[in-house]
**Q** 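Sharing a structure below in structure tokens format, with a few things to ask.
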Amino acid sequence: MTDVLRVDPAKPDEELIARAAECLRGGGLVAFPTETVYGLGAHALDTAAVLRLFAAKERPASDPLIVHVPSIDDAMPLVDEMPRAARELAARFWPGPLTMVLKRSPQVPDVVTAGLGTVAVRVPVHLVARALLERARIPVAAPSANLFSRPSPTRAAHVVADLDGRIDIVLDGGATNVGLESTVIDLSGAVPTVLRPGAIDLDALQLVLPDVTSHRAAEGKPDATAAVRSPGMLAKHYSPKTPLYLYRGDRADALDLMKADARQRKARGESVVVLAYTEDVGELRDHGLRVVEFGVEADPPSVAARLYAALREADELGAHVILARTITTSHPLSAAIQDRLRRAAVIATP
Ligand code: TXA
Ligand code: MG
């Protein structure tokens, strides 16, 4: 049985937080909202609890977890050392949607790090997450609270849809703020490297660490061509069950290509649904297409906030294919939106 507990995200009920914290301390599994997406928490120093977490998500053991703590001081016992770069980033971005990969201490069980010599740590800013971590007084390993390979959950209902009966508690604090996962930066090597783009973009990181770079896989283009050549090589993350086709390029070209493809598919008897920016909805409907709106292209935060929910909604329509186009607005969130769209897609058009 999974208990869903409603909490006020601005002022979480202390008794409910205490109940969830006790559950975590006892080795249970608790889903909770963060500013990015919902996380599924387990006691990070309890190997049995972490193994239950992997089982509940059907996540492969080779994929390491992020450990959540209430402050940088609480991260100290988990890491071998806290380099200056990490302290500077923490001073600027913690609490907040930044995850740092650091050399680990022996305290952290192998199951958490998938046997790596590093550990990922993050201090979330969401009040429910903070209250839970402060109350539990243990480091909490928390991946996104979805079944492996499903879109990350941005509402409690998404968690319930994937994990009902598999976990103990869902703290329902409403929709998450950002809607996309944290930026992951690796500080364990010579050059700080972004492994996953997120709400904190490269420009913001460079103001603190001028030499930070982005991993090729986090940049977009090289991987997208790899996806066309060999879809199996692309890590299947964030994806709907329905195949998603992504149209690149400027708005007019991408829309024309999308409409032409949709026409052909419908002629073959396929049903099509388009994940559409608000700006495109009228034009696509006029063309007789079914649409799920996923935010205003000119306002990327609205797209980030809606993206995963829209992917789930589009999936539920049971169409043969989902069509979408890449975001063309320049914004700190655009790289992360592009990254998630690309990973959700089976194929990106050149
Ligand atoms: O916003 C977020 O980060 C959310 C919320 C719940 O905090 N969590 C999240 O966790 O997205 P998850 O497990 O879905 O993604 C964790 C990412 C994965 O890409 C994983 O490979 C990477 O972090 N990661 C974890 N530990 C790592 C390590 N030691 N070295 C490199 N990458 C690591
Ligand atoms: Mg995830």
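Keep in mind that this is a model prediction, so the values were computed, not measured. If you read the sequence from its start, that first residue is 1, and numbering goes on from there. Note: hydrogens, waters and symmetry copies are ignored here, and every other heavy atom, side chains too, is used. Whatever order the structure lists ligands and atoms in, that order sets their numbers, starting from 1.
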**Q** Under 2.8 Å from the Mg ion (ligand 2), can any N, O or S atom of S144 be found?
**A**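 True for S144.
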**Q** Check each heavy atom of D63 against ligand 1 and say whether those closer than 4.0 Å belong to the side chain, the backbone, both or neither.
**A**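 Within the 4.0 Å criterion, D63 contacts ligand 1 through side-chain atoms alone.
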**Q** Just by distance, with hydrogens left out, do T242 and D315 show a side-chain donor and acceptor under 3.5 Å apart?
**A**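 Their side chains do contain a donor-acceptor pair, which is all the 3.5 Å distance test asks for.
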**Q** Which ligand 1 atoms, with their elements, are less than 4.0 angstrom from a heavy-atom of G39?
**A**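 Counting from 1, the qualifying ligand atoms are 6 (C).
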**Q** If you count the atoms of ligand 1 from 1 in the order shown, which ones are under 4.0 Å from a heavy atom of A142?
**A**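 Every atom of ligand 1 under 4.0 Å from some heavy atom of A142: 6 (C), 8 (N), 10 (O).
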**Q** With ILVMFWY side chains joined below 4.5 Å, transitively, what does I169's cluster contain besides itself?
**A**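 Noted: I169 shares its cluster with L5, V7, L16, I17, L24, V30, F32, V128, L132, L133, I138, V140, L171.
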**Q** I need the contact type for R196 against ligand 1. Using non-hydrogen atoms and a strict under-4.0 Å cut-off, is it side chain, backbone, both or neither?
**A**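 The answer is the side chain of R196.
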**Q** Please determine if R122 has a nitrogen or oxygen closer than 3.5 Å to a nitrogen or oxygen of ligand 1.
**A**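 Yes, since at least one N or O of R122 sits under 3.5 Å from an N or O of ligand 1.
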**Q** Going by heavy-atom distance to atom 33 (C) of ligand 1, choose the closest among P64, S152, S144.
**A**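 Answer by nearest heavy atom: P64.
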**Q** Could you tell me, atom by atom, which parts of ligand 1 come under 4.0 Å of a heavy atom of L195?
**A**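 Counting from 1, the qualifying ligand atoms are 31 (C), 32 (N).
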**Q** If you measure from each heavy atom of I66 to ligand 1, is any distance below 4.0 Å?
**A**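 Within the 4.0 Å threshold, so yes.
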**Q** Report the part of T118 (side chain from C-beta onward, or backbone N, CA, C, O) that has a heavy atom under 4.0 Å from ligand 1; answer both or neither where that applies.
**A**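 For T118, the contact with ligand 1 is made by both the backbone and the side chain.
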**Q** Quick check on E35 - does any of its heavy atoms sit under 4.0 Å from an atom of ligand 1?
**A**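 No, that is not the case, since the closest heavy atom of the residue is not under 4.0 Å from the ligand.
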**Q** Please could you name the atoms of ligand 1 that L116 approaches to less than 4.0 Å, counting only its heavy atoms?
**A**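 With L116 as reference, the close atoms of ligand 1 come out as 28 (C), 29 (N), 30 (N).
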**Q** For R59, which part has a heavy atom under 4.0 Å from ligand 1: side chain, backbone, both, or neither?
**A**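 The answer is the side chain of R59.
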**Q** Considering the heavy atoms of T36, write down every atom of ligand 1 situated less than 4.0 Å from one of them.
**A**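 Per the distance check, 1 (O), 2 (C), 4 (C), 5 (C).
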**Q** Would you mind running through ligand 1 and noting each atom that sits below 4.0 Å from a heavy atom of A120?
**A**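 Under 4.0 Å from A120, ligand 1 has these atoms: 25 (C), 26 (N), 27 (C).
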